[in-house]
Structure formats: structure tokens, C-alpha cells
Protein chains: 2
Amino acid sequence: MTKAADGGLRHRKKALMRQQLQQHALRLFLSQGYEATTVEMIATAAGVSHMTFFRYFPTKEDVVLADEYDPVLVARLAARPPTEPIWEKLRHAVLEGLAPLPAEAYAVLLQRTRLIFTVPALRARQWDQQHATEALILAALGYPTGERTAWVLVAAGLATLTTALSIWAEQDDVSALPNIINTAFDALLKGRLPYE
Amino acid sequence: MTKAADGGLRHRKKALMRQQLQQHALRLFLSQGYEATTVEMIATAAGVSHMTFFRYFPTKEDVVLADEYDPVLVARLAARPPTEPIWEKLRHAVLEGLAPLPAEAYAVLLQRTRLIFTVPALRARQWDQQHATEALILAALGYPTGERTAWVLVAAGLATLTTALSIWAEQDDVSALPNIINTAFDALLKGRLPYE
DNA sequence: CTCATTTTTGTTATTCACTAACATTTGTTA
DNA sequence: TAACAAATGTTAGTGAATAACAAAAATGAG
């Protein structure tokens, strides 16, 4: 039987290669621009052929967009008190997921976020990914897919979150993200501009 | 002086060609699928070369996504009573823009909407376009770009609208759109799931 | 350790979206 | 009808993505 546990050499090499590709890609994108960097260049920088690149990432975009935050968010959401309103669940789940990150991670995340919001191809794919998470979140909250009211609320909540990210990307305080998120959700809850 | 008014033969031919390209594209996409249809095929069907296609539409996606609804929406938004809350302005501006459309237009719009939500490349670009309209809407409402509270509210409102479109695309009543939009905005205004 | 098996990688060729340069046709104006 | 401007065709090229097959590396068994 062929069953190399997680510690197998193969597994380690794969994880390493994936990381290498991502790091070289990000470095090249930031220094020369996204379009000016070909997949060939990234692969060569990582010491492999372009085919290997595409075996790790289905598209050039995915090398930037691949992230591991969704499962964390889902777990946190499910752990929130059931009576809490959706938007509060979302707000706090995100903040809780962000809190344990080391300061350095924020800097990288900000760089990545700026890149994504700057490059049209990345931006478009990012929106699409985000809407794909809607289904995940609805499931995590225990709503059947198709529950329209909950769907609308989750979509609005996610839009708020993205707007917060967008605002974060446009200013220079790396540590401002939690505050921005809170302000954004406060605005959503008031929701009555111009009056009141 | 070269000044062929709107009625010039050139203008008419250009408008016609644009329409031809869009119609053939939509027809081919619906019958054979989006990816299975090449730009070459569309161009040939319209009796031109692929270069001409790209002179009318910058990308293959744009031949589906190009629409003329944004200016209408902006005009309606600006005409709403200033004291009305943002989400109500948005809801009614959209409904007013939709009302004068002939029944046939709805059928076409539904087809197009389904295509967009089905094809990943179109979906992604659509989200991106939508977020681009945020700026337009903010301007139409008289908020300076960067007004964060209004930004959040507009983003949430647009997300609601898109969710309504998504729901519309997944059912079979062509005439249900206004009702779905109303229900979606009602949900947004309640915004307090699970309790209250 | 060695050999057969499985997984991963490289090579090569191909498709398709999209761009650039230049020649050609077609509408417009005098 | 001649001169000009705008739209189109032709051709060649780049780069992302896929497919098919050959080569190399890791794994497990004996």
C-alpha cells in the first residue's frame, strides 16, 4: 500500500515548492508588475518548468489569491452564539480570526491586498472568490442554500468587509484594519444615511 | 472639416456592426457554450475579421457585459428626494429604471444574466464592473469619493441588488424581478437575523 | 540494498485571446 | 472626381493554459 503520511519527503517537498512559487511570484509581481511577469519567469526563478507551475496553481492569478483564511472564518462563525445577529457574527468572527496574527503577517497581507485591488485580473477573481464564500458562510451558519433573507444579509455583510479591506489598502496604517472593520460594520448597522 | 453628424453612414454602420457582433456572440454562446465559441467564430459569423471584433470590444467578455443601464441608474438616483435613505434611493431608482422595459427585454436580460452567472470569466468581470459602479453611484448621490460610511452603505446595497439578480437567474418566472428586488431590500432593512 | 510501482516533473506541440505594424478598402468632404 | 480620414484586413507575434508522452525521483516490499 502506498501511504506516505504527512511527514513523507514527497509531502514536504511539495509544500516547499508551493511556497517557493508563491514567494517568487509575489516578489516579481511587486518589483516588475503583474503583467510584466510571465509564468515562465516565476517557474524559472523557482527552478522548475512552467508546467510544474500550473500543476501547483491552476492559473497565474491563483498564485496570489490562494489563501487559507476561509476555513478559519467558517470555524469562528459556527462558534458564535446562535442568537447573535448575522452581521455581528461576521464582524466578530473576522476580528477573532485576525487577532492572533503576528504583526509581520499584517504587512504581508496589506501588500497582497494592495496588489489584488490594483491588478484588474486579480480584483475580478477576488470578487468571484468572495461570492463563492457566501455559500460556505451560509452553511456554517446553519442556513439551507436558498434561504433568501440570510443570503442577502450575508452578501451585504461580505460587501462591508471588502469595503473595509479596500479602505485599508488605500491608507498607510498597517495596524488600522480592526478599527476600519469596526467602523464599517457600525455604518452598516446604522444604515440610514442621510437622515437619522 | 470632418463632421459627419450622428446620421452619417459611418455611424450607422458602426452601430449596426456592434449590434451584429453582440447578437451573434450571444447566439453562439447560448447554443455552443462560452468557452467553445472562439472570437474568430463570432467575427466570421458577423462577416468580419477577428481584429474588427477587438476594435469594437476590448475583450471577449465585454461583448456580453457591455450594457447601457449605468447612466439610467445614475440619472434616477440623482432625481430621488435628498432626504431619502440610500438603500431606498437605490431600490426605487432600480425599479424605476426597470419599469419601462418591454416584456421582451426582460427575457433577453434573464438569458444574459444566467449566462453571466454561469460562466466564471463573465461572473468575475461582472463583480468587478459592479464595484466600479460604486464610485459612480457615490458621485450621483453627491458624496465625495472616500466618504466611508456612504461607501459601505452603497456597497451593501449593490450586493443586495446582485443577490436579487442571482435569485432571479435561478428561478423561472421572467416577471419576478421587481418582487425579488423588493423582498431583498426588505431583508436588508430588517437586517437582524436571527432574532427580532 | 534493489527492484517494481507510483508520483512528480520535463519536453514538446497546440489552441486561443489579444496586440502591433502596415497595407487596403471605404466613407467623407471639397 | 480627387484628397483625406476612418474603418478594416493581413500577417506575425506574445503569453496563458492544456494535452500527450518521456524521464526522473520517491516509496514500499522483499
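Proteins come first, then strands; the chains are lettered A, B, ... in the order of their sequence lines, and each starts at number 1.
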S.K.: Specify whether His131(A) and Trp127(B) have parallel, tilted or perpendicular ring planes, treating 30° as the upper limit for parallel and 60° as the lower limit for perpendicular.
M.R.: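 Judged by the thresholds at 30° and 60°, the geometry between His131(A) and Trp127(B) is parallel.
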S.K.: Just the rounded figure in Å: distance from P of dT9(C) to CD of Gln20(A).
M.R.: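 Those two atoms, CD and P, are 13 Å apart.
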S.K.: Passes side chain to side chain contact (heavy atoms under 4.5 Å, CB included), Leu165(A) versus Ile116(A)? Steps please.
M.R.: CA-CA 11 Å; Leu165(A) 279 178; Ile116(A) 292 173; over 6 Å; no
S.K.: Are Thr183(B) and Arg148(A) packed together at the side-chain level, in the sense that at least one heavy-atom pair is separated by less than 4.5 angstrom?
M.R.: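 A side-chain contact is absent here, since even the closest heavy-atom pair is not under 4.5 Å.
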S.K.: Using whole Å, report how far NZ of Lys60(B) lies from P of dC18(C).
M.R.: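 So the NZ-P distance, Lys60(B) to dC18(C), works out to 8 Å.
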S.K.: Classify Thr52(B) by what it touches in the nucleic acid, base, sugar-phosphate, or nothing, heavy-atom distance under 4.0 Å.
M.R.: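 Sugar-phosphate, backbone atoms only, no base.
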S.K.: In whole angstrom, give the distance that lies between atom CG of Leu16(A) and atom P of dT9(C).
M.R.: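 It is 11 Å, rounded to the nearest whole Å.
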S.K.: Expressed in angstrom and rounded to an integer, what is the separation of Arg18(B) atom CZ from dA7(D) atom C1'?
M.R.: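 These atoms are roughly 16 Å apart.
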S.K.: Using atom CE of Met17(B) as one end and atom C1' of dG9(D) as the other, report the distance to the nearest whole Å.
M.R.: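 Between C1' of dG9(D) and CE of Met17(B): 12 Å.
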S.K.: When you measure from every atom of DNA chain C, which of residues 32-45 of chain B have a heavy atom less than 4.0 Å away?
M.R.: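 Result for residues 32-45 of chain B: Thr37(B), Thr38(B), Val39(B), sorted by number.
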S.K.: With a 4.0 Å cut-off on heavy atoms, is Phe53(B) in touch with a base, just the backbone sugar-phosphate, or nothing at all?
M.R.: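 The answer is nothing, as Phe53(B) stays clear of every strand by at least 4.0 Å.
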S.K.: Whether Lys60(A) engages the ring of Phe54(A) as a cation-pi pair (distance to the six-membered ring centre under 6.0 angstrom, angle to the ring normal within 45°) should be assessed.
M.R.: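 Relative to the ring axis of Phe54(A), which defines the angle, Lys60(A) lies outside at least one limit.
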S.K.: Nearest 0.5 angstrom please: Gln130(B) CD to Thr133(B) OG1, how far?
M.R.: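 The OG1 atom of Thr133(B) is 6.0 Å from CD of Gln130(B), to the nearest 0.5 Å.
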S.K.: Paired with dC22(C) by Watson-Crick or G-U wobble geometry, both distances under 3.5 Å: which nucleotide is it?
M.R.: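 Base-paired to dG9(D).
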S.K.: Aromatic rings Phe57(B) and Phe53(B): how do their planes relate, parallel, tilted or perpendicular, breaks at 30° and 60°?
M.R.: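 The arrangement is tilted - the two ring planes meet at 30° to 60°.
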S.K.: At under 4.0 Å, does any side-chain N or O of Tyr56(B) touch on OP1 or OP2 of dT8(D)?
M.R.: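 Yes, within the criterion.
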S.K.: To the nearest Å, give me how far apart CD (Glu61(A)) and P (dG15(D)) are.
M.R.: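 Value for this atom pair: 17 Å.
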S.K.: Would you check if Trp151(B) and Ile137(B) make a side-chain contact, meaning some heavy-atom pair closer than 4.5 Å?
M.R.: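 They are not in side-chain contact.
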S.K.: Looking at residues at least two apart in the chain, or sitting in another chain, which of them share a salt bridge (Lys or Arg N to Asp or Glu O under 4.0 Å) with Glu61(A)?
M.R.: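 Residues passing salt bridge (Lys or Arg N to Asp or Glu O under 4.0 Å) with Glu61(A): Arg125(A).
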S.K.: Where along nucleotides 18-26 of chain D does protein come under 4.0 Å, by heavy atom, of base (B) or sugar-phosphate alone (S), with - for untouched nucleotides?
M.R.: BBB----BB
S.K.: State whether Phe185(A) and Lys190(A) meet the cation-pi test: NZ (Lys) or CZ (Arg) under 6.0 Å from the six-membered ring centroid, and within 45° of the perpendicular axis.
M.R.: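 Negative - Lys190(A) is either too far from the ring of Phe185(A) or too far off its axis.
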